[in-house]
Structure formats: structure tokens, C-alpha cells
Peer 1: 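Could you have a look at this structure, given as C-alpha cells, before my questions?
Remember, it's a predicted structure, so these values are computed and weren't measured experimentally. Only this structure's heavy atoms are used, side chains among them; waters, hydrogens and symmetry mates stay out. Position 1 is the first residue of the sequence; numbering continues from there.
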Amino acid sequence: MSRADEIFVAMCRDVLDHGTDTKGEAVRPHWEDGTLAYTIKQFGVVNRYDLREEFPALTLRRTALKSAMDEILWIWQKKSSNIHDLNSHIWDEWADENGSIGKAYGYQMGIKHEYKEGWFDQTDRVLFELKEHPYSRRILTSLYNHHDLSEMALYPCAWSVTFNVTHHEGDEKMTLNAVLTQRSQDILAANNWNVCQYAILLMMFAQVNDMIPGQLLHCIADAHIYDRHVPLIEELIKRPQYPAPKVSLNPEIRNFYDFTTDDLIVENYQHGPQIKNIPIAV
């Protein structure tokens, strides 16, 4: 069975059984009808996925892997914060009349910073360091720029990635690992979406640097299940589990900026039915 399913079920069970309830507290999120959106939350959830063993897609329900990849390319490759550059509608609620979500996500990735080697944006800096100094302990990105928070439609949730290279005995190639740090996560709506898209990012960076994709460590400060999501989660985690799908990339791509969603190859993805019309708190 999929290891990602096992991790997801254990996390949800822990939140539901041992988390704290924000009902009656002064919370910011609300539902479309104006009702306050309360959560059951757990602090400091840490999950580890090993891409050397299998790709971490849920089989309890389908994760739209190409759409997840499209969003990560929107942020890391296109460095865009305009929904017209995105092939899905997940950001529509936060976009202005021009399609912009402000100085968030892709905008932050595209800002050039001066280093002793020259000027780089965050994506190009990671690519440079992985090529020139793969064992550096400084290969990381941050989207949480306090200077620009007032001009963001939504403060970044998945806000930091730290890359770390290891070399295992007997391996010809180095292994690329990553830590994804998240300040907040809506477990039902976004957990496996984020896991899969950053697993794909790890795979892309590994491939263009002739490395093996290794471990993805996912750290969530506030992992929560919204009150209206509880029955959906309870049903979801009782579903049958299937083996993980095989997910790979077009091996001919050697430049990160050449990747498209057509280069994602998904095989043998068996999964349960999708949950439609999930209510989203804003």
C-alpha cells in the first residue's frame, strides 16, 4: 500500500484525536456564507517521504499531479503571481481584477538579489549552488518577505525550501533531499497537493543536476482540519488503500526551464473517488 496513505491517515487521526479545537476563539478565516471557520489543529507536524522508495501520492483519492506540477512551475519557473499564467483556478478567489495575487509566491522567486558571484533570483541561485557547491548548507529559498506582506493577497503558506545533498556509499550519483516548511496547512484541501508538487520539484532539480531524488521532509507549524471538513476526512481515511503510482520525468530534459507538464509521466495510478466541491475557508 502507498506509504503516503499511511502517513496521511496517521496524521489525520492524530489531529482529530489529540488536536486542539479553535471553536469560540477569535479566528480570521470564514466560510463563503460569512460563518467563522474553526479548526481542529495540531502544532508541529513533521512527515518524511522517501522518493527513492516510491512517489508520495495519495491513493485514497486522486491528486491531480499535472495540475500540481503546473502550479510549481508557475511559481518556480515562470515566477509569476498572475493567475492568467496558471492553468487552473485554485488562486481565483485571491486574484484582483487583473489576475494578480500581489507580491506573493512567483513574484518573490523572481526578485534578483546580489551575491558575491553576481545577481540571481531565488530559483537560479538554487540551480547555481547545486551545480557549483552541492554540499553547501545554504541552499534555501524564502517567500516570506515581511517588506511585501501588505501587498500579498495571501501570506505564503509553503514558504521555505532547504535543499541538502548527500552521497550514499555505493551510489554513483549524489542524492538531493529537501525540507519544505509550511506555516499553515488545510489538510483536506492542500496536504497531498503540496507534498506531490514539491516532490516533483525535487525530482526536476535532481534530474537537471544528475542527482538522485531522495527524501522530502515536510514540516507544518499549524496542521489543521476545518470544522466542515471533519466528516469528509473521517470518510476519506477509512477508504481502501492501493500501491503508489509510478511517477517519473522525461529523461531528455536537462534544463529546468525546459520542463512542462507534458514531461510528467504517471503510470498505474489506482485511487479512490474524488471529493468534489470541498468548501474553502478564506
Side-chain angles (χ1 to χ4, degrees), residues 1-51 53-65 68 90 154-160 178-199 215-245 269-282:
M1 299 299 101
S2 167
R3 176 64 179 145
D5 288 331
E6 296 175 2
I7 292 172
F8 183 82
V9 170
M11 172 181 61
C12 291
R13 197 70 267 163
D14 182 57
V15 173
L16 292 172
D17 294 344
H18 306 292
T20 60
D21 199 327
T22 65
K23 187 174 182 180
E25 302 292 347
V27 297
R28 178 195 57 78
H30 58 275
W31 299 109
E32 188 177 6
D33 61 11
T35 305
L36 290 177
Y38 297 113
T39 64
I40 301 173
K41 57 178 283 186
Q42 190 65 281
F43 166 71
V45 171
V46 179
N47 294 322
R48 188 184 296 266
Y49 306 89
D50 193 342
L51 275 64
E53 297 179 356
E54 62 182 44
F55 187 83
L58 281 188
T59 72
L60 299 168
R61 64 168 178 164
R62 174 178 173 269
T63 296
L65 299 180
I90 56 177
L154 179 68
Y155 291 4
C157 297
W159 67 273
S160 177
V179 181
L180 170 63
T181 306
Q182 214 158 339
R183 65 170 179 84
S184 170
Q185 185 173 78
D186 175 344
I187 288 175
L188 179 62
N191 179 263
N192 197 240
W193 176 272
N194 289 141
V195 169
C196 288
Q197 63 183 180
Y198 280 90
Q215 296 187 59
L216 174 65
L217 190 68
H218 188 196
C219 304
I220 313 167
D222 190 305
H224 52 266
I225 298 172
Y226 278 101
D227 48 10
R228 296 186 183 181
H229 293 176
V230 170
L232 300 176
I233 285 284
E234 291 279 15
E235 186 275 329
L236 179 64
I237 62 178
K238 294 176 183 176
R239 290 181 177 181
Q241 301 176 20
Y242 304 97
Y269 193 2
Q270 186 179 4
H271 53 78
Q274 188 55 276
I275 300 176
K276 298 181 179 179
N277 303 316
I278 295 175
I280 302 297
V282 295

Peer 1: Do the side chains of H224 and D186 get nearer than 4.5 Å, heavy atoms only?
Peer 2: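 Yes, at least one pair of side-chain atoms sits under 4.5 Å.
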Peer 1: Between the side chains of D222 and Q185, does any donor sit under 3.5 Å from an acceptor?
Peer 2: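 The criterion, which ignores hydrogens and geometry beyond distance, is not satisfied for Q185 and D222.
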Peer 1: Using a 3.5 Å cut-off and no angle test, enumerate the donor-acceptor pairs between side-chain atoms of residues 5-14 and protein atoms at least two apart in sequence or in another chain.
Peer 2:
residue	atom	partner	partner atom	Å
D5	OD1	T59	N	2.8
D5	OD1	L60	N	3.4
D5	OD2	T59	N	3.4
D5	OD2	T59	OG1	2.4
E6	OE1	R3	NH1	3.1
R13	NE	D17	OD1	3.3
R13	NE	D17	OD2	3.0
R13	NH1	E234	OE1	3.1
R13	NH2	D17	OD1	3.1
R13	NH2	E234	OE2	3.4
D14	OD2	Q42	NE2	3.0

Peer 1: Between NZ of K41 and CD of E25, what distance do you get to the nearest 0.5 Å?
Peer 2: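 If we round to the nearest 0.5 Å, K41:NZ and E25:CD are 9.5 Å apart.
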Peer 1: Which distance, rounded to the nearest 0.5 Å, do you find between the CZ of R183 and the SG of C157?
Peer 2: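 R183 atom CZ to C157 atom SG measures 4.0 Å (nearest 0.5 Å).
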Peer 1: Using the test side chain to side chain contact (heavy atoms under 4.5 Å, CB included), find all partners of A199 that sit at least two apart in sequence or belong to another chain.
Peer 2: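 A199: side chain to side chain contact (heavy atoms under 4.5 Å, CB included) contacts with L51, F55, P56, L216.
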Peer 1: Which is it for W31 and H229 under the ring pair (Phe, Tyr, Trp, His ring centres under 6.0 Å) test, yes or no, and what are the steps along the way?
Peer 2: CA-CA 12 Å; W31 299 109; H229 293 176; 5.7 Å; yes
Peer 1: To the nearest 0.5 Å, tell me how far T22 OG1 sits from I40 CD1.
Peer 2: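 Reported to 0.5 Å precision, the distance equals 8.5 Å.
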Peer 1: Between F43 and T20, is a side-chain contact (heavy atoms from CB on, under 4.5 Å) present by the stated rule, with each step listed?
Peer 2: CA-CA 9 Å; F43 166 71; T20 60; over 6 Å; no
Peer 1: To the closest 0.5 Å, what do you measure between CD1 (I233) and CG (L188)?
Peer 2: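 Those atoms lie 4.5 Å apart.
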Peer 1: With a 4.5 Å heavy-atom cut-off, do Y226 and P29 have their side chains touching?
Peer 2: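 Result yes, sub-4.5 Å side-chain heavy-atom pair found.
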Peer 1: Any idea which heavy atoms bring A37 and V27 closest together, and the distance?
Peer 2: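 The answer is O-CG2, 3.9 Å.
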Peer 1: What distance separates L217 CG from Y198 OH, expressed to the nearest 0.5 Å?
Peer 2: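 It comes to 14.5 Å.
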Peer 1: Taking only residues two or more places apart in sequence or in another chain, which ones pass salt bridge (charged side-chain N to carboxylate O under 4.0 Å, His left out) with D50?
Peer 2: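 Once residues adjacent in sequence are excluded, D50 has no partner under the salt bridge (charged side-chain N to carboxylate O under 4.0 Å, His left out) criterion.
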Peer 1: Mind checking salt bridge (charged side-chain N to carboxylate O under 4.0 Å, His left out) for E235 and listing every partner two or more places apart, or none if nothing turns up?
Peer 2: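 Partners of E235 by the salt bridge (charged side-chain N to carboxylate O under 4.0 Å, His left out) criterion, ordered by chain and then number, come out as R239.
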Peer 1: Check residues 269-282 and write down every donor-acceptor pair under 3.5 Å in which the side-chain atom is one partner and the other belongs to a residue at least two apart or another chain.
Peer 2:
residue	atom	partner	partner atom	Å
Y269	OH	L58	O	2.5
Y269	OH	T63	N	3.0
Q274	NE2	R62	O	2.8

Peer 1: Residues in salt bridge (charged side-chain N to carboxylate O under 4.0 Å, His left out) with R228, at least two apart?
Peer 2: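 For R228 the salt bridge (charged side-chain N to carboxylate O under 4.0 Å, His left out) partners, ignoring immediate neighbours, are D33.
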Peer 1: Do any N or O atoms from the side chain of T39 and from the backbone of I225 form a donor-acceptor pair under 3.5 angstrom?
Peer 2: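 Side chain of T39 to backbone of I225: no pair is present.
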Peer 1: Can a donor-acceptor pair be found, under 3.5 Å and without considering hydrogens, that links the side chain of N192 to the backbone of V195?
Peer 2: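 Looks like no, no N/O pair under 3.5 Å.
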Peer 1: Before you tell me yes or no, could you show the steps for L180 and C219 under side-chain contact (heavy atoms from CB on, under 4.5 Å), namely the whole-Å CA-CA distance, both residues' side-chain angles and the distance that decides it to 0.1 Å?
Peer 2: CA-CA 6 Å; L180 170 63; C219 304; over 6 Å; no
Peer 1: Measure the CG-CD1 distance between N191 and I220 for me, rounded to the nearest 0.5 Å.
Peer 2: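 Taking CG in N191 and CD1 in I220, the distance rounds to 5.0 Å.
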Peer 1: Do H218 and Y49 come close enough that some side-chain heavy atom pair is under 4.5 Å?
Peer 2: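 A side-chain contact exists here, since the closest heavy-atom pair is under 4.5 Å.
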